[in-house]
Amino acid sequence: MLDIHWLKTFVTLAEYKHFGKAANALHMTQPNVSLQLKQLEQTTGVKLLDRNPFHLTQAGERLLQSSIKTLEELQVCQSDLNALNELDKGTITVAASDIISRMLLIGAFKLFRNAYPGMDIVLLNTTSSQAADLVKKAEADVGFVISQQQSQPLHFVELQQVKWVAFGEGFQQAIANQSEITLILLGHDTRTRDLIDDALPRLNLSNYRVMEVGSVDAQIDWAEAGFGVAIIPEFALSTKRNIQTDVTPLSDFPTTNLGYIVRQNQILSKATKQLLQWVGDEMIILQK
């Protein structure tokens, strides 16, 4: 019978293509990685990889496909089993961007900590795309995202429609005078950047250049410092006080959605359901 630990080691080896790197990722010694591979090959009766240069054999490629599916299914199963365990101890893992975390989750997390003192919350700072991947793999129990499409195997619950604004001095003048302007945008590795790029032609800017930054907070900071105009969700300014910089609503920008995702047919624990209820309540308060 194939040992689940052997399969995990094999999948990690296939990912890193290096015994030492795989050993570090698995918190194992390199000899133990080699031993588990040997045991896996002996049990299956086939050679799974060549070392120099590193590559999987045909048999290794076939086993890799099944191993990935098996490990992912076991992870999903364990997540559901944890949810069915209604004890007062455990961990809820939440994936969300920093700006969503600060706007939506701080108040809900405080309530959760008081109601469930024996449970921990792990918060993963991610983009919407990364959150979706983590939820799919059951490495996060819930993800908070912008503009998440409803597609298998995820279920999206809308919390708020997202409106976009131009934050920074000189935006309206640039449109009126057809002058050059610097747009401060997130990098291309985010789902929202894809949406913004598609919508930029609606702004009728004749000449602009792009300054890329890594977070919405950085967009706001650079725009406040006078380096350009940030295109951001309107709710991102809800956590800022004493804003003096111009805010221009972008009525022609497509309205997107802010909400949370879980897996289709995912079993949610009572604690997770309660956390999501508190987040929903927080959103209602913010909308007033």
Engineer: Using only atom types and a distance under 3.5 Å, with no angle test, would you say the side chain of Gln264 pairs donor to acceptor with the backbone of Leu154?
Structural biologist: yes
Engineer: Counting heavy atoms not belonging to Gln172, are there more than 12 under 6.0 Å from its CD?
Structural biologist: no
Engineer: Hey, what do you get for CG (Leu13) to OG (Ser34), rounding to the nearest 0.5 Å?
Structural biologist: 8.0 Å
Engineer: Once you measure the plane-to-plane angle for Phe112 and Trp278, does it fall in the parallel (<30°), tilted (30-60°) or perpendicular (>60°) bin?
Structural biologist: perpendicular
Engineer: Grouping I, L, V, M, F, W and Y whenever their side-chain heavy atoms are under 4.5 Å apart, do Leu40 and Leu74 come out in a common cluster?
Structural biologist: yes
Engineer: Please tell me if the side chains of Phe156 and Asn257 come closer than 4.5 Å, counting only heavy atoms from C-beta onward.
Structural biologist: yes
Engineer: Work out which heavy atom in Pro233 is nearest to a heavy atom in Val162; give both atom names and the distance.
Structural biologist: CB-CG1, 3.7 Å
Engineer: Nearest 0.5 angstrom please: Asp120 CG to Leu123 CG, how far?
Structural biologist: 13.0 Å
Engineer: Please name the pair of heavy atoms, one in Ala132 and one in Ile261, separated by the smallest distance, quoted to 0.1 Å.
Structural biologist: CA-CD1, 3.5 Å
Engineer: How many angstroms lie between CG in Leu275 and CD1 in Ile92, if you round to the nearest 0.5 Å?
Structural biologist: 5.5 Å
Engineer: Measuring only between side-chain heavy atoms, which start at C-beta, is Val94 closer than 4.5 Å to Asp141?
Structural biologist: no
Engineer: Can you give me the closest heavy-atom contact between Gln219 and Ile184, atom names plus distance?
Structural biologist: NE2-O, 2.8 Å
Engineer: Check step by step if side chain to side chain contact (heavy atoms under 4.5 Å, CB included) holds for Ile146 and Phe235.
Structural biologist: CA-CA 12 Å; Ile146 292 178; Phe235 71 76; 3.8 Å; yes
Engineer: Less than 3.5 Å apart, any donor N or O on the side chain of Ser101 or Asp98 sitting next to an acceptor on the other?
Structural biologist: no
Engineer: Check the pair Phe144, Leu276 against side chain to side chain contact (heavy atoms under 4.5 Å, CB included), reporting the backbone distance first and the verdict last.
Structural biologist: CA-CA 10 Å; Phe144 290 89; Leu276 292 174; 3.9 Å; yes
Engineer: If you round to the nearest 0.5 Å, how far is CG of Leu64 from CD of Glu61?
Structural biologist: 6.0 Å
Engineer: Check whether any side-chain heavy atom of Leu37 sits under 4.5 Å from a side-chain heavy atom of Phe10, and report yes or no.
Structural biologist: yes
Engineer: Any link between Ile4 and Met28 through a network of hydrophobic side chains (Ile, Leu, Val, Met, Phe, Trp, Tyr) touching at under 4.5 Å?
Structural biologist: yes
Engineer: Group every Ile, Leu, Val, Met, Phe, Trp and Tyr by side-chain heavy-atom contacts under 4.5 Å, then state whether Leu134 and Val11 land in the same group.
Structural biologist: no
Engineer: Hey, could you give me each pair passing salt bridge (Lys or Arg N to Asp or Glu O under 4.0 Å) that has a residue in residues 35-50? Not counting sequence neighbours.
Structural biologist: Lys47-Asp50
Engineer: Do Thr12 and Thr9 meet the criterion of a side-chain donor-acceptor pair at a distance under 3.5 Å?
Structural biologist: no
Engineer: Taking it one step at a time, do Phe171 and Asp246 satisfy side chain to side chain contact (heavy atoms under 4.5 Å, CB included)?
Structural biologist: CA-CA 8 Å; Phe171 177 72; Asp246 289 346; over 6 Å; no
Engineer: Do Gln75 side-chain atoms and Ala138 backbone N/O form a donor-acceptor pair below 3.5 Å?
Structural biologist: yes
Engineer: For the hydrophobic clusters of this structure (ILVMFWY residues joined by side-chain heavy atoms under 4.5 Å, transitively), does one cluster hold both Trp222 and Leu205?
Structural biologist: no
Engineer: Does the pair Ser269 and Thr272 meet the rule for a side chain to side chain donor-acceptor pair (under 3.5 Å), with working shown?
Structural biologist: CA-CA 5 Å; Ser269 67; Thr272 302; 2.9 Å; yes
Engineer: Taking the side chain from Thr57 and the backbone from Leu48, do they hold a donor-acceptor pair closer than 3.5 Å?
Structural biologist: yes
Engineer: Could you tell me if the side chain of Gln30 sits less than 4.5 Å from the side chain of Asn24, heavy atoms only?
Structural biologist: no
Engineer: Hydrophobic clustering (ILVMFWY, side-chain heavy atoms < 4.5 Å, transitive) - are Val122 and Ile100 grouped together?
Structural biologist: no
Engineer: State, to 0.1 Å, how close Glu169 and Thr245 come at their nearest heavy-atom pair, and which atoms those are.
Structural biologist: OE2-CA, 3.4 Å
Engineer: Decide if atom CG of Asn114 counts as having more than 12 heavy atoms of other residues, nucleotides or ligands within a radius under 6.0 Å.
Structural biologist: yes
Engineer: Side-chain contact, heavy-atom cut-off 4.5 Å: Leu250 with Leu203?
Structural biologist: yes
Engineer: Around atom CD of Gln42, are there more than 12 heavy atoms of other residues, nucleotides or ligands at under 6.0 Å?
Structural biologist: yes
Engineer: Could you tell me if Trp6 and Gln36 have a donor-acceptor pair between their side chains, going purely by distance under 3.5 Å?
Structural biologist: no
Engineer: With rounding to the nearest 0.5 angstrom, report the CD1 to CD distance, Ile181 to Gln173.
Structural biologist: 8.5 Å
Engineer: Within the distance-only criterion (no hydrogens, no angle test), does the side chain of Gln130 pair as donor or acceptor with the backbone N or O of Leu124 below 3.5 angstrom?
Structural biologist: no
Engineer: Do we see a donor-acceptor contact under 3.5 Å between the side chains of Gln277 and Asp281?
Structural biologist: yes
Engineer: Would you check if the side chain of Arg263 reaches a backbone N or O of Lys136 as a donor-acceptor pair within less than 3.5 Å?
Structural biologist: no
Engineer: Quick check: are there more than 12 heavy atoms from other residues, nucleotides or ligands sitting under 6.0 Å from CZ of Phe54?
Structural biologist: yes
Engineer: Report yes if some heavy atom in the side chain of Ser206 is under 4.5 Å from a heavy atom in the side chain of Glu180; otherwise report no.
Structural biologist: no
Engineer: Other residues, nucleotides and ligands only: do more than 12 of their heavy atoms fall within 6.0 Å of NE2 on His5?
Structural biologist: no
Engineer: For Val229 and Ala166, work out which heavy atoms get closest and say how close.
Structural biologist: CG1-CB, 3.7 Å
Engineer: With side chains defined as the heavy atoms from C-beta onward, is the minimum distance between Val279 and Tyr260 less than 4.5 Å?
Structural biologist: no
Engineer: Can you see whether Phe19 has Arg51 sitting over its ring - NZ or CZ less than 6.0 Å from the centre and within 45° of the normal?
Structural biologist: yes
Engineer: I need the Asp3 CG to Lys8 NZ distance, nearest 0.5 Å.
Structural biologist: 12.0 Å
Engineer: With side chain to side chain contact (heavy atoms under 4.5 Å, CB included) as the test, would you mind laying out the steps for Leu7 and Leu2 before giving the verdict?
Structural biologist: CA-CA 8 Å; Leu7 296 181; Leu2 299 182; 4.3 Å; yes
Engineer: Please report the shortest heavy-atom distance between Leu186 and Val216, naming the atom on each side.
Structural biologist: CD2-N, 3.7 Å
Engineer: Heavy-atom distance under 4.5 Å between the side chains of Leu200 and Ile196, does that happen here?
Structural biologist: yes
